[in-house]
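Within every chain, numbering begins at 1; the chains are lettered A, B, ... in the order of the sequence lines, protein sequences first and strands thereafter. Note that the structure is predicted; figures quoted are calculated from it, not measured.
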Amino acid sequence: MQEHPIVLADANNFYASCEAVFHPEVAGKPLVVLSNNDGCVVSRSYEAKALGIANGTPWFTIRQEAAYDQVIARSSNYELYGSLSRRMMSIMSGFLPGQEVYSIDECFMHSPWDIERTRRIAAVMRRAVLQGVGIPVSIGIAPTKTLAKITNHWAKRHPSSRGITTWGDLSRDDQGTAVLSSIEIDDVWGIGRRLAKRLRGLGIRQAAQLRDQDPVNMRRRFSVQLERTILELRGIPCIADDNDATGGKRDCQILCSRMFGTPILGEEGLRQAASVYAQYACRRLQRQHSLCTRVSVFCASSPFSKHDQYSSVCGSILLQDPSDDPVIISAAARQALHGRITPSVRYVRVGVMLTGLVDAASYDTLPALGARTDSGLSEVFEQVARRFGPAHVGIGFAGIRGDGRNNGDTGAAWAMRREMLSSRCTTRWDEMPVVRAD
DNA sequence: TCTGGGGTCCTAGGACCC
DNA sequence: TCTGGGGTCCTAGGACCC
C-alpha cells in the first residue's frame, strides 16, 4: 500500500444519530427520519433497520405497521443536522490535513503518515467526535477513494473492526480478491442502477470482476468514469478532490425546489412559491459571494397521480447583468412561469435554479454604467436575517410568518408538512434544551 | 389522502467561425 | 454557385452521488 493513505470518515445513520443527541430517550429504539413533507424514510437507526424498514419507503405505506412496532418517526430537521455536521467536520479537520467535505455526514482526508500511525490518529479522532458531538463515525483507510468507500462500509458492518478498517486489513493475502468478490457491482461507488444492469448483461457481477476488466476497452464502451473506477479498484488513485485552490467550495449552480404540502392550481400560487424559493436561493448565492446570470423555474404535477397525466413545464430568464439582488431574481422567477401554466393541472412541485454563476468580486463594474441596480433592499434583508433569524422579512409571501413553528416559513397553504419535528436545539434560542439538576 | 432535495460530471448535438 | 473539416462554445439530458 502507498505511503499516504486516504481516510474516509462517515457518520453512522447520521440523521437518526442526530435525533438521539439531545433526546437520549430515543437511543436504542427504532427511529426513522422522514424526508420533506414527511414523504419517505431517509435515515434509520440500527433498530429500525433490524425491523426491515428500507430507505426510500414512502411513510404512508408503513405507518400503521411502524406504529405497531413502536417505531419513532421524526420530520427532517435540517437546521439541527447542518449544525451538528459543521461541529463534527470542524473537530475532524484538526486531526488530519486536506479535508474534503463530501456530504453532510462524510469527509475525505489525506494522511501524511503510514498506515499504522494513520490508524492510531483515526481512533483518537473518532473518540473526539463521539465525545464532542455525540455522533458515532466509521472510518475507512485505503489508497484510493473507491477503496476507502469499501473499507468504510466494511467498518460499519463489522463490529469487530471497532469502527476502523484499512484496505490492508482486507487485502492481506490475495490483493483483496476475496473481499471484492463478495461485493455486488451496484455497491461500488460510481456504479448506479443503470450501469449495473448493463454490466451484468456482460457477465460482470462482482467488484472483483470489474477490477479485472481492461480499463481502455471499458472506457470506449462506457465512459471515462468507469475507467477511473476500475483503476481505483486496483489501488491507483484517479478521482481528484473537489476542493478548489482557495479551499472554500463554491457551487456552480444553485437549485431550490420543494414538493408542496397541498397541490397548487393556477399561475398565481406557483408564482408566489417560485418567488419564495428564488429568495432562498438568493441567500445561498450571496453567502458564497456569487452572482447569477440565468434564472430558471420548473414546476410539475405528481408522477404518481392516478387521475392526471404527468406534466412539467419550465421557463428561463437570462438576466441583463449578473445579479444577486433578490428583487431582480424573484421578479425573474415570477416572469419565467408567466403564460406557461396549464390552469387545470394540479402542480405539486416548483423549483428555482440559478445558473451561470460568476464570482461577485471579479464583476465589480463601473458605478456609472449602473450594471448592478442593487436597490439596497437585499442588504436590509441580510441584516434582519442576521439579527432575527431567517424568514422574518422578504418580498411577497417570503415575508409572511405563519402561526405554528412547523409552518413557520410562510404560512402559505402549500407550505411543507413537518408534523414530527424535533427541537432545533443548536440554532434557535427558543428551542434550546433544558437541563435540570435535582 | 399521503412517494425528498441538492448537487456533480460527462456526452451528444447544434450553432458558429475559420 | 458549390464544397470540407475542424475547433469552440453552449445547452440539454443522462447518470451518478448522498
Side-chain angles (χ1 to χ4, degrees), chain A residues 8 10-11 13-15 32-43 54-64 66 73-78 81-82 85 100-108 145-146 149 152-153 185-199 219-229 238-244 249-263 277 280-281 284-285 288 293-294 296 298 300-307 310 312 314 316 318 346 348-357 416-420:
Chain A
L8 172 63
D10 188 322
N13 316 329
F14 182 59
Y15 296 168
V32 296
V33 176
L34 306 176
S35 62
N36 279 338
N37 281 315
D38 298 337
C40 42
V41 174
V42 289
S43 180
N55 240 348
T57 313
W59 176 233
F60 74 92
T61 63
I62 56 164
R63 188 177 209 150
Q64 290 192 332
R74 292 275 182 264
S75 303
S76 39
N77 186 345
Y78 290 109
Y81 311 150
S85 168
E100 177 198 4
V101 176
Y102 182 72
S103 74
I104 193 164
D105 71 333
E106 65 186 299
C107 65
F108 290 104
K145 288 183 171 179
T146 304
K149 280 273 181 188
N152 185 291
H153 197 59
I185 197 93
D186 18 6
D187 292 333
V188 174
W189 190 45
I191 311 291
R193 247 200 356 259
R194 299 293 191 91
L195 204 46
K197 195 175 165 198
R198 287 177 65 196
L199 289 170
R219 175 191 187 138
R220 229 183 6 201
R221 294 183 75 155
F222 293 90
S223 68
V224 292
Q225 283 113 316
L226 189 60
E227 179 189 32
R228 288 185 191 136
T229 299
C238 44
I239 296 180
D241 279 6
D242 285 343
N243 292 342
D244 58 22
K249 205 165 130 186
R250 208 178 258 190
D251 296 332
C252 306
Q253 77 180 38
I254 290 175
L255 173 71
C256 188
S257 113
R258 296 278 185 286
M259 305 273 303
F260 303 131
T262 45
Y277 298 143
Y280 294 158
R284 277 158 49 193
L285 189 66
Q288 67 168 28
T293 50
R294 185 178 283 280
S296 308
F298 61 89
S301 64
S302 167
F304 304 107
S305 169
K306 290 173 192 71
H307 318 294
Y310 176 73
S312 72
C314 65
S316 157
L318 191 62
R346 292 153 41 94
V348 298
R349 169 200 281 290
V350 77
V352 174
M353 190 158 32
L354 308 183
T355 52
L357 306 196
M416 259 200 297
R417 257 195 316 275
R418 292 209 287 182
E419 288 166 358
M420 297 164 285

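First and last contacting nucleotides of DNA chain C toward chain A (any atom under 4.0 angstrom from a heavy atom, 5' to 3' order): C:dT11 to C:dC18.
The residue A:Arg198 sits apart from the nucleic acid: no heavy atom pair falls under 4.0 Å. Within the nucleic acid shown, A:Gln253 comes within 4.0 Å of at least one base atom, counting heavy atoms only. Residue contacts shown for A:Val188 are limited to sugar-phosphate atoms, with no base heavy atom under 4.0 Å away. Residue-level contact check: A:Arg63 touches neither bases nor backbone, having no heavy atom under 4.0 Å from any strand. Residue contacts shown for A:Lys197 are absent, as no nucleic acid heavy atom lies under 4.0 Å away. A:Asn37 comes within contact range of no nucleotide atom at all, as no heavy-atom separation falls under 4.0 Å. Residue A:Trp189 is in sugar-phosphate contact alone, with no base atom involved, counting any heavy-atom pair closer than 4.0 Å across all strands shown. Here A:Ile191 lies in heavy-atom contact (under 4.0 Å) with sugar-phosphate atoms only. Across all strands, A:Arg219 comes closer than 4.0 Å to no nucleic acid atom at all (heavy-atom distances). Note on A:Ile254: only backbone sugar-phosphate atoms sit closer than 4.0 angstrom, heavy atoms only; bases stay farther off.
Partners of A:Ala66 under the side chain to side chain contact (heavy atoms under 4.5 Å, CB included) rule, at least two apart in sequence or in another chain, are A:Trp59, A:Val71. With sequence neighbours excluded, the residues forming a side-chain hydrogen bond (donor to acceptor under 3.5 Å, both in side chains) with A:Gln225 are A:Ser223, listed by chain and number. Not counting sequence neighbours, A:Arg193 has no partner by the side-chain hydrogen bond (donor to acceptor under 3.5 Å, both in side chains) test. Remark: A:Tyr277 pairs with A:Tyr280 by the ring pair (Phe, Tyr, Trp, His ring centres under 6.0 Å) rule, at least two apart or across chains. With sequence neighbours excluded, the residues that form a side chain to side chain contact (heavy atoms under 4.5 Å, CB included) with A:Ser75 are A:Asp38, A:Arg418, A:Met420, A:Leu421. Here A:Thr146 pairs with A:Glu232 under the side-chain hydrogen bond (donor to acceptor under 3.5 Å, both in side chains) rule; sequence neighbours left out. A:Arg294 meets the side-chain hydrogen bond (donor to acceptor under 3.5 Å, both in side chains) test with A:Ser316; sequence neighbours excluded.
The residue among A:Gln225 and A:Ser302 whose nearest nucleotide of DNA chain B lies closer to the 5′ end is A:Ser302. If A:Ser257 and A:Pro58 are placed on DNA chain B by their nearest nucleotide, the residue sitting closer to the 5' end is A:Pro58.
With a 3.5 Å limit on both pairing distances and Watson-Crick or G-U wobble geometry required, the stems of 3 or more pairs in DNA chain C span B:5-18 with C:5-18.
Ring-plane geometry between A:Trp189 and A:Phe108 is classed as tilted, the angle between the planes lying from 30 to 60 degrees on a 0 to 90 degree scale.
Taking 4.0 Å as the cut-off between side-chain N and carboxylate O, A:Lys197 and A:Asp186 do not count as a salt-bridged pair.
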